[in-house]
Number of protein chains: 6
Amino acid sequence: MFIHNKRLQYTVRVAQPNPGLANLLLEQFGGPQGELAAAMRYFTQAVGEDDPGRKDLLLDIATEELSHLEIIGSIIAMLNKGAKGDLAEATQSQADLYRAINGAGNDSHVTQVLFGGGPALVNSAGVPWTAAYVDTIGEPTADFRSNIAAEARAKIVYERLINVTDDPGIQEALGFLMTREVAHQKSFEKALYSIQPNFPSGKMPPIPEYADLYFKMSQGAEPELGPWNQGKGLELVLDPQPAVDGGSGGATVELPKDQIATLKALARRTMSDPDIDPVTGAELGQTPQKE
Amino acid sequence: MFIHNKRLQYTVRVAQPNPGLANLLLEQFGGPQGELAAAMRYFTQAVGEDDPGRKDLLLDIATEELSHLEIIGSIIAMLNKGAKGDLAEATQSQADLYRAINGAGNDSHVTQVLFGGGPALVNSAGVPWTAAYVDTIGEPTADFRSNIAAEARAKIVYERLINVTDDPGIQEALGFLMTREVAHQKSFEKALYSIQPNFPSGKMPPIPEYADLYFKMSQGAEPELGPWNQGKGLELVLDPQPAVDGGSGGATVELPKDQIATLKALARRTMSDPDIDPVTGAELGQTPQKE
Amino acid sequence: MFIHNKRLQYTVRVAQPNPGLANLLLEQFGGPQGELAAAMRYFTQAVGEDDPGRKDLLLDIATEELSHLEIIGSIIAMLNKGAKGDLAEATQSQADLYRAINGAGNDSHVTQVLFGGGPALVNSAGVPWTAAYVDTIGEPTADFRSNIAAEARAKIVYERLINVTDDPGIQEALGFLMTREVAHQKSFEKALYSIQPNFPSGKMPPIPEYADLYFKMSQGAEPELGPWNQGKGLELVLDPQPAVDGGSGGATVELPKDQIATLKALARRTMSDPDIDPVTGAELGQTPQKE
Amino acid sequence: MFIHNKRLQYTVRVAQPNPGLANLLLEQFGGPQGELAAAMRYFTQAVGEDDPGRKDLLLDIATEELSHLEIIGSIIAMLNKGAKGDLAEATQSQADLYRAINGAGNDSHVTQVLFGGGPALVNSAGVPWTAAYVDTIGEPTADFRSNIAAEARAKIVYERLINVTDDPGIQEALGFLMTREVAHQKSFEKALYSIQPNFPSGKMPPIPEYADLYFKMSQGAEPELGPWNQGKGLELVLDPQPAVDGGSGGATVELPKDQIATLKALARRTMSDPDIDPVTGAELGQTPQKE
Amino acid sequence: MFIHNKRLQYTVRVAQPNPGLANLLLEQFGGPQGELAAAMRYFTQAVGEDDPGRKDLLLDIATEELSHLEIIGSIIAMLNKGAKGDLAEATQSQADLYRAINGAGNDSHVTQVLFGGGPALVNSAGVPWTAAYVDTIGEPTADFRSNIAAEARAKIVYERLINVTDDPGIQEALGFLMTREVAHQKSFEKALYSIQPNFPSGKMPPIPEYADLYFKMSQGAEPELGPWNQGKGLELVLDPQPAVDGGSGGATVELPKDQIATLKALARRTMSDPDIDPVTGAELGQTPQKE
Amino acid sequence: MFIHNKRLQYTVRVAQPNPGLANLLLEQFGGPQGELAAAMRYFTQAVGEDDPGRKDLLLDIATEELSHLEIIGSIIAMLNKGAKGDLAEATQSQADLYRAINGAGNDSHVTQVLFGGGPALVNSAGVPWTAAYVDTIGEPTADFRSNIAAEARAKIVYERLINVTDDPGIQEALGFLMTREVAHQKSFEKALYSIQPNFPSGKMPPIPEYADLYFKMSQGAEPELGPWNQGKGLELVLDPQPAVDGGSGGATVELPKDQIATLKALARRTMSDPDIDPVTGAELGQTPQKE
């Protein structure tokens with residue numbers, strides 16, 4: 001069960017309204033690297049998790065991310081507060097109001113103000129939050145890796161946002177939020193390492209003959225050499241070929257006779273070359289064969 | 001520039017048609033952990049990348065993932081081939097056709113067959129692929145972590161799919177695809193480690209006083225102790241409080257006088273308690289103050 | 001700031017696993033009338049709200065809805081727990097496993113199990129949750145009406161779900177959740193009535209000559225008479241006509257001369273009848289006139 | 001069956017082209033509170049409705065909303081007409097054209113003009129219309145409440161749009177559209193009241209012991225008292241506790257023995273604390289018990 | 001302005017309820033090739049169209065498609081009518097009700113019934129309709145080609161649906177709808193041909209040296225020869241090479257000095273090979289040159 | 001299998017950075033008429049195609065479109081390169097940086113830069129690419145028509161983009177891409193004509209009595225006459241009526257007795273006029289009859 005405390009986890013002090021900046025900050029309210037995405041990623045993992053330790057960890061951080069969602073939302077609400085009132089009360093001539101809200105070359109925030117000025121669950125381009133951002137799959141060694149990556153991405157987006165505002169109160173609050181991503185990343189890394197072995201994820205072993213190959217699929221220049229394509233555990237294949245299994249490289253299915261007949265009937269009507277067997281790509285009458 | 005070779009990277013041999021299984025395999029064609037998502041994740045990183053080594057790596061793997069997309073799509077096409085023809089030619093009574101296509105309790109594939117039987121860019125529930133699955137942010141230490149996680153997730157989904165089919169040709173091909181995810185994960189890990197330091201991502205340092213704290217936000221039981229909440233680099237805060245900055249925990253903005261007046265006018269019309277300052281939450285006349 | 005208590009608001013006791021039912025219950029986890037939609041509707045309103053009383057109300061109910069999200073998610077996790085393990089451990093032959101998970105004619109849950117068995121933020125058809133479900137617009141008399149409607153819809157969906165399960169533990173928990181929607185609806189109605197006047201929403205008065213008309217746009221039978229189209233406050237217009245303003249019913253814009261010339265050039269190239277003025281729909285040379 | 005009359009329901013007279021304003025007006029063409037959403041909300045209810053009176057009402061208003069969609073779309077087309085021709089004919093140097101279209105700090109409309117200048121079914125931020133906006137659930141007392149709320153929201157958005165334009169022709173047309181929302185809201189309210197009783201929606205009664213409680217989930221300050229949390233029909237619970245049912249607040253499922261064994265096998269591989277029963281969260285060997 | 005006639009354009013006679021079939025028919029109510037998509041494609045083109053003849057054509061067909069939407073929706077409502085009542089009234093034991101609604105192996109329709117039984121604006125897999133299906137771009141020779149294709153696709157989907165039902169009343173109504181797609185396709189083709197020339201679309205001529213080439217990008221087998229890659233108007237290039245313009249095939253931008261310095265600083269921190277110029281991919285100090 | 005060549009198909013030479021223009025060009029990277037949509041349209045058709053000639057054609061063009069995706073993405077990366085570095089390195093005061101990136105009245109690109117500066121799979125308004133753009137249905141005469149239309153649309157969007165930039169290197173590259181759309185359109189037209197007959201698509205003949213009618217659904221003015229509504233193959237119906245089949249124009253279903261009783265029970269609770277049969281819309285007791 002959740003309980004809410006009316007005081008924010010970090011105090012929000014905004015120097016002056018700025019709907020354009022509010023709009024940018026939506027990236028961390030309703031954007032893909034934002035706080036709702038983080039909270040929901042960890043919350044869905046927690047609910048499906050059986051291990052008490054991991055469940056505890058996931059609920060701790062999910063709850064903190066909800067508290068961060070409240071902080072970033074409160075900053076946005078403060079930045080939009082004046083414009084929201086101006087629009088509702090129509091304080092000025094319409095042309096002035098349009099200009100005032102439209103500000104200095106930043107229009108998505110007009111949409112936001114039009115939408116009520118409170119924080120909407122959209123990113124900075126106005127795209128609604130979608131659960132497609134949440135990449136939980138219910139396997140802890142994969143999910144912890146997803147969480148580590150998510151925290152690293154969120155850290156970068158906060159850094160970029162801090163770089164475009166000089167409001168010290170906002171900088172402080174964003175700095176706090178950015179810092180917490182770093183702390184969470186540490187926790188998730190330690191949780192991943194506490195499961196041994198954790199690579200590869202899951203139970204099924206890779207097929208040995210393909211597990212160490214690095215296929216040089218991008219050609220046309222000297223290959224860049226690096227630890228990622230040669231050396232320990234990886235073997236560089238400079239000229240990768242199709243059908244690594246030694247087969248034909250084709251795709252076949254063994255169909256019942258009546259379905260073959262049906263496909264031939266279909267071919268007669270629509271095929272550009274009706275002498276070819278539509279089932280196998282071979283000439284009519286030729287049987288598909290196991291390579 | 002891309003060039004295509006008509007032969008698949010791995011030969012596809014399907015034992016018999018099975019639209020229900022085709023439908024499940026869509027998860028790796030047009031689903032969030034599928035091959036298009038992988039190809040597009042690495043391709044967008046490659047196009048924006050300046051470093052020749054990393055760009056090379058990303059193009060190699062993006063190209064291989066496109067080749068995997070072709071393999072998984074070809075399996076789906078083989079599994080649907082019979083049903084597609086049956087529906088187009090109306091080979092049976094309508095009731096039989098409905099039953100034949102509807103098969104053994106699996107209906108999304110009816111949608112797929114209705115849609116033409118070829119592989120559609122949807123997941124196994126029929127949801128269209130969206131670029132919201134692609135989490136590229138253009139910072140290599142974050143993006144490589146995202147790639148590592150993506151490969152781990154894809155490995156698991158292939159493992160689950162292998163567990164629900166006994167067609168040896170499909171098992172082999174899926175096993176190949178699963179194995180390549182493991183190989184790619186290794187490459188991305190080595191690429192990440194080749195950047196030093198790689199933690200935290202980006203340039204801005206975390207704020208020291210908050211960087212090591214673990215807030216025990218989920219209460220009501222003895223805390224589970226683990227490396228993720230105590231020990232080296234992390235300090236466990238058992239009873240986390242609001243306003244860690246020592247302030248009020250409120251949210252304030254300093255508004256120009258005319259906007260304050262506008263908000264009061266708005267309040268008079270809609271507020272349930274019009275004696276409260278809508279700007280600060282304080283009683284009317286009280287000035288918001290820096291804590 | 002949010003705090004979590006490990007104990008659920010209502011105890012979850014599931015009699016036996018049932019992935020098909022789990023799939024249906026997703027409707028209230030990640031569906032449009034579900035608990036995340038409710039929590040986010042009230043939370044976004046709360047963050048943008050200035051009035052202390054309304055903010056308090058919205059935070060109370062948003063927090064309870066998050067607690068409900070946890071309950072419904074926990075039921076789903078319990079219902080999927082067995083299938084999740086079976087798939088991860090491949091306990092049976094693949095064909096048996098496919099059948100066992102696929103169950104009695106219900107395939108979206110196969111997707112769910114494939115996805116890890118934990119509750120995903122999707123509806124019962126597998127569609128990811130989207131913030132497009134959240135209809136907050138930042139005006140309290142409109143938003144409270146939205147909230148009242150949302151609670152009524154959620155009540156109905158819970159009722160339908162209770163009607164398709166005979167597991168007493170699930171019935172009890174769903175009954176609790178359904179009941180709470182009724183209680184919340186009462187609170188929102190009282191909150192709406194506490195703002196006087198609350199109709200029409202906003203500040204701008206309707207135009208008197210059009211405010212009471214009911215246009216009988218659907219014809220071809222005797223009109224059904226009811227309080228909604230005649231009687232107090234509404235006047236029935238049986239044969240509604242275009243251009244109620246008395247004008248031409250056309251659409252015009254006054255363009256600068258150079259843009260008119262440009263449009264004529266465009267017309268010469270693509271118009272099927274190039275003697276007509278593309279700007280006004282009138283014959284070339286005719287000036288658009290104010291009606 | 002629908003029939004169209006070429007004359008608009010309200011004459012559109014636009015004083016001069018303005019792609020930036022066109023872009024804002026898209027909010028009511030393809031946005032969540034716009035005319036397509038309204039038309040489709042009532043149309044889908046009408047098609048599923050059995051009661052002749054309600055069906056009549058819903059078809060009347062759905063048809064009028066389609067007519068409003070045509071009005072708002074025509075205004076947008078007029079506002080974009082010049083820019084569309086300029087872009088197609090390349091009347092100016094490219095740099096001038098870019099500036100001319102890009103106008104005064106408003107860029108989403110560049111996208112719109114790029115897209116052809118006609119009204120696209122997107123909101124003012126360019127997000128495509130989605131049926132996720134339509135909240136029909138096929139129960140009249142819930143659906144009428146949804147309709148009442150939808151009309152109230154649309155009224156507010158029109159009011160905001162009127163506040164940012166000084167074109168009298170557009171103000172008049174938007175005023176008409178805004179007024180009609182008020183009239184429709186009245187009709188839906190009267191239709192709701194004509195069903196008695198209409199609260200709570202549906203057939204199943206709420207559970208009495210939870211139906212009147214107001215849980216004070218947001219803490220940390222004196223509670224704001226209001227009719228929404230105390231007084232007639234509601235009882236204020238100041239310190240809400242988990243497990244209101246008197247149980248453990250846990251989540252349990254009774255699994256068959258073989259699935260318990262499977263989960264233990266899974267736990268041995270991935271659990272951080274393998275001595276805990278993954279099924280119940282209790283120590284291994286401990287049986288889950290009914291509270 | 002639209003007017004509605006209560007009688008359908010084609011009478012709907014359904015032999016018996018069948019929620020599974022209702023679910024499939026949703027493909028043409030809220031699916032990509034369905035009637036709403038058709039109506040909205042032509043309606044948006046009509047609103048943006050200046051030519052009276054084309055506008056007339058587009059409004060005629062848009063209005064008919066809305067009338068078709070009503071027909072297909074009414075069929076769906078009839079097919080679901082029994083199940084909707086059963087669920088609302090809970091006529092049977094819950095287990096029986098679950099089975100009765102869940103029917104013969106078709107689960108998305110459970111979602112639909114859960115959703116109220118009326119036609120929802122989703123496709124047969126439950127995916128909400130999106131304006132992303134509408135491909136209007138505001139240029140008539142392109143839009144008419146889009147319309148021709150859309151009618152052809154819709155014809156095929158109706159054909160497939162007719163093939164899976166033996167209800168004569170539904171077959172008749174679907175046959176009418178299918179036939180009308182054919183008639184509309186004819187009208188759009190004639191309208192396209194009435195614009196001369198109509199190829200290529202738009203005003204800007206193609207670059208002659210690239211306009212007739214067919215690049216054989218898919219290799220590894222004898223090329224299939226056909227009118228599409230050789231003969232009149234097309235020249236087959238068997239071994240296509242990069243950089244057809246004769247340049248380097250690279251990508252360069254001329255940056256101001258300070259931005260080059262910034263990128264070098266960034267490189268020093270994150271590049272795996274910091275001796276390479278991140279701007280040009282060349283060794284540091286080497287100037288990017290015009291080829 | 002795909003192979004990549006590091007050299008682009010067309011050399012990219014950008015004169016100077018311009019994030020605003022980069023943002024517009026996203027329309028052809030991740031927009032509905034863009035190169036990913038094209039590549040995926042042809043690729044999914046190819047994978048499901050049985051005819052060797054058509055499969056060859058589709059793979060050739062799909063592969064070239066992927067190569068175009070790389071070109072347009074590389075232009076975008078070049079245009080954003082400076083701003084990306086400036087933001088990562090925080091080279092200026094925050095206010096300057098905000099202004100510099102925000103540029104001349106174009107804000108969606110701020111989102112793009114915030115997102116890392118590389119090309120994201122979104123359109124120029126920031127909307128993520130969705131497979132809903134791909135209209136493949138697996139029937140060649142319909143799909144080729146879709147492809148012809150798609151190429152025509154893409155040609156127009158390139159033309160518009162060329163009209164808003166004066167950078168000669170970008171104009172050249174976009175001119176190449178535009179030209180290739182024209183060439184592809186020719187190939188698809190020839191491929192369509194090589195299938196005879198190709199109209200109507202599919203196998204089922206239209207119903208003769210409805211196949212040639214043109215219903216004049218939009219009234220209120222003299223009808224515009226054209227080849228699309230009269231003359232060869234089309235018969236103009238000036239005053240179209242409902243129920244063209246000669247029936248009642250109603251919708252009926254024959255329900256089992258128990259379901260009729262259930263619906264009456266439901267009616268008693270919610271109907272506004274309970275004397276009407278909810279099943280047929282007729283007065284209670286009246287039997288629905290075949291017309």
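Sequence lines set the chain letters: A, B, ... in the order given, protein chains first and strands last, and positions in each chain run from 1. What's counted below: heavy atoms across the whole structure, side chains too, no hydrogens, waters or symmetry copies.
- Counting heavy atoms from C-beta outward, Y133(F) and Y133(E) have side chains that stay 4.5 Å or more apart.
- Of all the listed residues (G85(E), A142(E), S201(E)), the one sharing the greatest number of non-hydrogen pairs under 4.5 Å with chain F is S201(E).
- No side-chain heavy atom of P227(F) sits less than 4.5 Å from a side-chain heavy atom of Y193(E).
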Evaluate salt bridge (Lys or Arg N to Asp or Glu O under 4.0 Å) for D143(F) paired with R153(E), printing each intermediate quantity in order.
CA-CA 8 Å; D143(F) 283 343; R153(E) 293 193 303 268; over 6 Å; no
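- Using a distance-only test at 3.5 Å, with no hydrogens or angles considered, a donor-acceptor pair links the side chain of K155(E) to the main chain of M204(F).
- Heavy atoms only, all atoms of each residue included: G250(E) and L8(F) are closest at O-CD1, 3.7 Å.
- Legend: residues meeting side-chain contact (heavy atoms from CB on, under 4.5 Å) with T63(E), ordered by chain and number and at least two apart, are F2(D), H4(D), F2(E), M217(F).
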Decide yes or no on side-chain contact (heavy atoms from CB on, under 4.5 Å) for V14(F) and E254(E), but give the supporting numbers first.
CA-CA 7 Å; V14(F) 174; E254(E) 291 173 40; over 6 Å; no
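- Of the listed residues (P256(F), A243(F), A152(F)), the greatest number of heavy-atom pairs within a distance under 4.5 Å of chain E belongs to A243(F).
- A donor-acceptor pair under 3.5 Å links the side-chain atoms of D245(F) to the main chain of T11(E), judged by distance alone.
- Chain E forms more heavy-atom pairs under 4.5 Å with one residue of R145(F), H184(F), M1(F) than with any other, namely R145(F).
- When heavy atoms are compared at a cutoff of 4.5 Å, P240(E) does not approach chain F at all.
- Only the side chain of T130(E) comes within contact range of chain F, with at least one heavy atom under 4.5 Å from a heavy atom of that chain.
- Within the model, atoms NZ of K203(F) and CZ of R160(E) stand 13.5 Å from one another, a figure rounded to the nearest 0.5 Å.
- When every heavy atom of W228(F) is checked against every heavy atom of S187(E), the shortest pair comes out as O-OG, 2.7 Å.
- T179(F) places a side-chain N or O within donor-acceptor distance of the main-chain N or O of I207(E), the cut-off being under 3.5 Å.
- Here E64(E) pairs with R180(E) under the salt bridge (Lys or Arg N to Asp or Glu O under 4.0 Å) rule; sequence neighbours left out.
- With a threshold of 4.5 angstrom between heavy atoms, P32(E) does not approach chain F through any atom at all.
- Taking all atoms of both residues into account, the shortest heavy-atom contact from A183(E) to A211(F) is CB-O, 3.3 Å.
- Formation of a donor-acceptor pair under 3.5 Å by the K186(F) side chain with backbone atoms of G233(E) is found in this model.
- Options E181(E), M178(E), Q33(E) differ in how many heavy-atom pairs under 4.5 Å they form with chain F, and the most are formed by M178(E).
- The most heavy-atom pairs under 4.5 Å with chain E, out of E151(F), K216(F), E139(F), come from K216(F).
- Proximity to chain F (any heavy atom under 4.5 Å) is shown, for L213(E), by both the backbone and the side chain.
- Note: K232(F) NZ to K190(E) NZ = 5.5 Å, rounded to the nearest 0.5 Å.
- Considering only heavy-atom pairs separated by less than 4.5 Å from chain E, the leading option among N229(F), V244(F), L57(F) is L57(F).
- Interface remark: of the candidates S74(F), A265(F), G226(F), A265(F) forms the most heavy-atom pairs closer than 4.5 Å to chain E.
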One pair to check against side-chain contact (heavy atoms from CB on, under 4.5 Å): Q219(F) and L59(E). What are the steps and the verdict?
CA-CA 9 Å; Q219(F) 309 260 333; L59(E) 283 168; over 6 Å; no
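- No donor-acceptor pair closer than 3.5 Å links the side chain of E159(E) to the backbone N or O of G202(F).
- Minimum interatomic distance between A88(F) and L266(E) (heavy atoms only, all atoms of both residues): CB-CD1, 4.1 Å.
- With a 4.5 Å cut-off on non-hydrogen atoms, N5(E) touches chain F through its side chain but not through its backbone.
- Highest contact tally toward chain F, considering only F188(E), F144(E), F199(E), is held by F199(E) [criterion: heavy-atom pairs under 4.5 Å].
- Among all heavy-atom pairs drawn from V182(F) and P200(E), the shortest one is CG2-CB, 4.0 Å.
- Taking E189(F), K55(F), Q185(F) one by one and counting their heavy-atom pairs under 4.5 Å with chain E, the maximum is reached by Q185(F).
- When heavy atoms are compared at a cutoff of 4.5 Å, Y158(F) does not approach chain E at all.
- F215(E) places none of its side-chain heavy atoms less than 4.5 Å from the side chain of D60(F).
- When heavy atoms are compared at a cutoff of 4.5 Å, D135(E) approaches chain F by way of both its backbone and its side chain.
- Between P52(E) and E224(F) there is a side-chain heavy-atom pair separated by less than 4.5 Å.
- Between the R7(F) side chain and the S248(E) main chain, a donor and an acceptor come within less than 3.5 Å of each other.
- Within the 4.5 Å cutoff, no side-chain heavy atoms of Q16(F) are placed close to those of V253(E).
- For P17(F) against Q259(E), the heavy-atom pair with the smallest separation is CG-OE1, 3.6 Å.
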